[in-house]
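If you're wondering where the values come from, they're calculated on a predicted model, not measured in any experiment.
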Amino acid sequence: MKKLLQVRKELSHGAYAICGLLAFLLPVALWSLVSYVPFIWHPVVKVTEPGDATLFRADTFIQKDAFLKESRRIQESGGTLPQGIPANPVYLPAPHEVFRAFYTAFKTEPRRPSDPWLHESLLHSATIIFLGFMFSSLIGVPLGILCGTYALFSRLSEPFIDFIRYMPAPAFGALCVAVMGIHDAPKVAIIFIGTFFQQVLVISNTTRKLDMAIIEAAQTLGANGIGLIRRVIIPGILPNLYKDMRILLGWAWTYLIVAELVGAKSGITSFIHQQSKYKVYENVYAAIIMIGIIGLITDQILAAAGSRIFPWQKEKRTGIVSALIALWKRRRTN
C-alpha cells in the first residue's frame, strides 16, 4: 500500500492497468447494488396484482407511500390487497437492461418513418463534431501559433478572444439560427464557437513554451518569417500541439448535445429526446454511454497514433489497453 501512495510516483504496469479497470468497474458495481439489492434504494413499487385498488394496473410503478396508503385503506375495508415488489423508478433501468439496449436500440425500427435509426443519428452527430472542430482548427491553430510567436498578433487578438471565451456558446444559438437557418449549419457553428477561442489561447501558450534558445539559434543561422515558423517552431511544438488537439477534441464533444438542440433537433440528441418522450430510458442511458465510448475509443486511437508518430515522447500516462498489453507481455516473458 505504501508503494501505491508514494507522492508523484508512477504506478507499475500491473497497478496502472488494474486501477484503470476499477475506474469503470466500481461505478458499475455501485449501479448494480442500487438496482438489484432491494433494501438500498427502491423508492417505488412495481404492481404485480392490483387487487381491489381501482387506480392500480399491473406492471405500473407506484410510489411506496401511495402504495402503502392504498393497501391500508383496502385492508380496513376488507378488500383484496394489491401485490407488488420493490423497484427502482422507471427512469433508472438496471445495468442488464441498458446493456441489452446496446443491441436492441440498433435493431429497433423508429416509431415514426421520419425518425432516423440509431446508427444514422450517431453518424450525423460525428459529422457535426468533425466539421465544427475542423473549421475551428483551420483558423485556430495558425492563429494560435502566430500569437505565441509574435507579440503583435498576440496583442491584436488575444484580449478580444479572452473576452469572448467567457461567453457560453449556447448563448449564440438563437443568433446562429437567425443567420444560418435551422439545420446543421448553426450546430456546426456552436461547436466552432465552443472550441475556437479556447483553442487559440491553449495553442498560443504551447507555442510560448518552446525553448527560446532554439529560436535564437535558428535566427542566428538565418531563419526568419515563414521559414522560422515552418522549419523550427511547428516541428518544435508538434508533439505538445498534438496532445492539445486531443484534449480540445474532447471539449468539442461536450458541446454536442447543446449544439444539436439548436434549431431542428438532430443526431443522437434527437434520439435521446424521442426515447425519453416514449419513456424508454434504457435506450437513453445506452445512447449517453455510446457517446462516452466513442469519445474514449477516439482518444485511445489518437494516443496510440501519437506514440507512433512521436516515439521519442514517452508519455507517463498510457491508455488502458496499452497498459494491459504491456502487463501481458511482461508476464509472458517472465
Side-chain angles (χ1 to χ4, degrees), residues 125-181 183-212 214-216 218-219 223-263 269 295 298-299 302 306 310:
S125 296
T127 303
I128 295 296
I129 291 292
F130 173 77
L131 291 175
F133 191 69
M134 181 187 69
F135 290 134
S136 173
S137 300
L138 287 175
I139 304 174
V141 171
L143 182 58
I145 293 173
L146 289 173
C147 289
T149 304
Y150 300 108
L152 173 64
F153 286 95
S154 175
R155 195 59 188 163
L156 284 175
S157 58
E158 285 192 359
F160 181 72
I161 290 174
D162 205 26
F163 166 70
I164 293 292
R165 76 184 179 100
Y166 287 102
M167 299 180 184
F172 295 90
L175 182 60
C176 290
V177 170
V179 174
M180 304 178 185
H183 297 294
D184 287 349
K187 307 177 194 308
V188 174
I190 292 297
I191 300 295
F192 178 93
I193 294 170
T195 56
F196 170 75
F197 301 101
Q198 311 291 346
Q199 193 174 49
V200 173
L201 297 177
V202 168
I203 293 174
S204 64
N205 186 59
T206 296
T207 305
R208 292 188 186 99
K209 290 181 179 179
L210 182 63
D211 192 349
M212 192 62 191
I214 297 175
I215 298 176
E216 291 173 349
Q219 289 176 322
N224 53 53
I226 299 298
L228 178 67
I229 294 175
R230 183 168 59 89
R231 296 187 177 183
V232 179
I233 293 176
I234 292 179
I237 67 169
L238 201 54
N240 291 326
L241 176 61
Y242 185 85
K243 294 175 187 176
D244 289 341
M245 298 300 285
R246 278 177 52 200
I247 295 171
L248 289 163
L249 178 59
W251 203 321
W253 276 98
T254 63
Y255 284 100
L256 175 64
I257 299 298
V258 173
E260 289 185 330
L261 287 174
V262 173
T269 304
T298 302
D299 186 71
L302 292 175
F310 313 109

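- Residues Asn240 and Thr206 have side chains that never bring a donor and an acceptor to within less than 3.5 angstrom of each other.
- Summarising the geometry of Leu241 relative to Val141, their closest heavy-atom pair is CD2-CG1, 4.3 Å, with the distance given to 0.1 Å.
- Residues Leu210 and Ile237 meet the side-chain proximity criterion, which asks for heavy atoms closer than 4.5 Å.
- Leu228 approaches Ala218 most closely through the heavy-atom pair CD1-CB, 3.9 Å.
- For the pair Ser136 (side chain) and Gly132 (backbone), a donor-acceptor distance under 3.5 Å is absent.
- Separation of atoms CD (Gln198) and CG (Leu248) is listed at 8.0 Å; rounding is to 0.5 Å.
- The aromatic rings of Phe192 and Phe196 sit parallel to each other, their planes meeting at less than 30°, with 60° as the upper class boundary.
- Considering all non-hydrogen atoms of both residues, Cys147 and Val200 come closest at SG-CG1, 4.4 Å.
- To the nearest 0.5 Å, atom CG of residue Leu143 and atom CD1 of residue Ile203 are 9.0 Å apart.
- With sequence neighbours left out, the side chain to side chain contact (heavy atoms under 4.5 Å, CB included) criterion links Val262 to Val177, Pro186, Ile190.
- The distance from the OH atom of Tyr242 to the CG atom of Leu238 is 10.0 Å, given to the nearest 0.5 Å.
- Atom CZ of Arg208 sits in a crowded spot, with more than 12 heavy atoms from other residues, nucleotides or ligands closer than 6.0 Å.
- Interatomic distance, CD1 of Ile193 versus CG of Leu175, reported as 8.0 Å (0.5 Å rounding).
- In this structure, the side chains of Leu302 and Leu249 come closer than 4.5 Å at one or more pairs of heavy atoms.
- Side-chain atoms of Ile229 and Tyr150, non-hydrogen and from C-beta on, do get closer than 4.5 Å to each other.
- In this model, a donor atom of one side chain and an acceptor atom of the other lie less than 3.5 Å apart for Ser154 and Glu158.
- Rounded to the nearest 0.5 angstrom, Asp184 CG and Glu260 CD are separated by 8.5 Å.
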Step by step, would you call Met245 with Phe133 a side-chain contact (heavy atoms from CB on, under 4.5 Å)? CA-CA 10 Å; Met245 298 300 285; Phe133 191 69; 3.7 Å; yes
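- The distance from atom CD1 of Ile129 to atom CE of Met134, rounded to the nearest 0.5 Å, is 13.0 Å.
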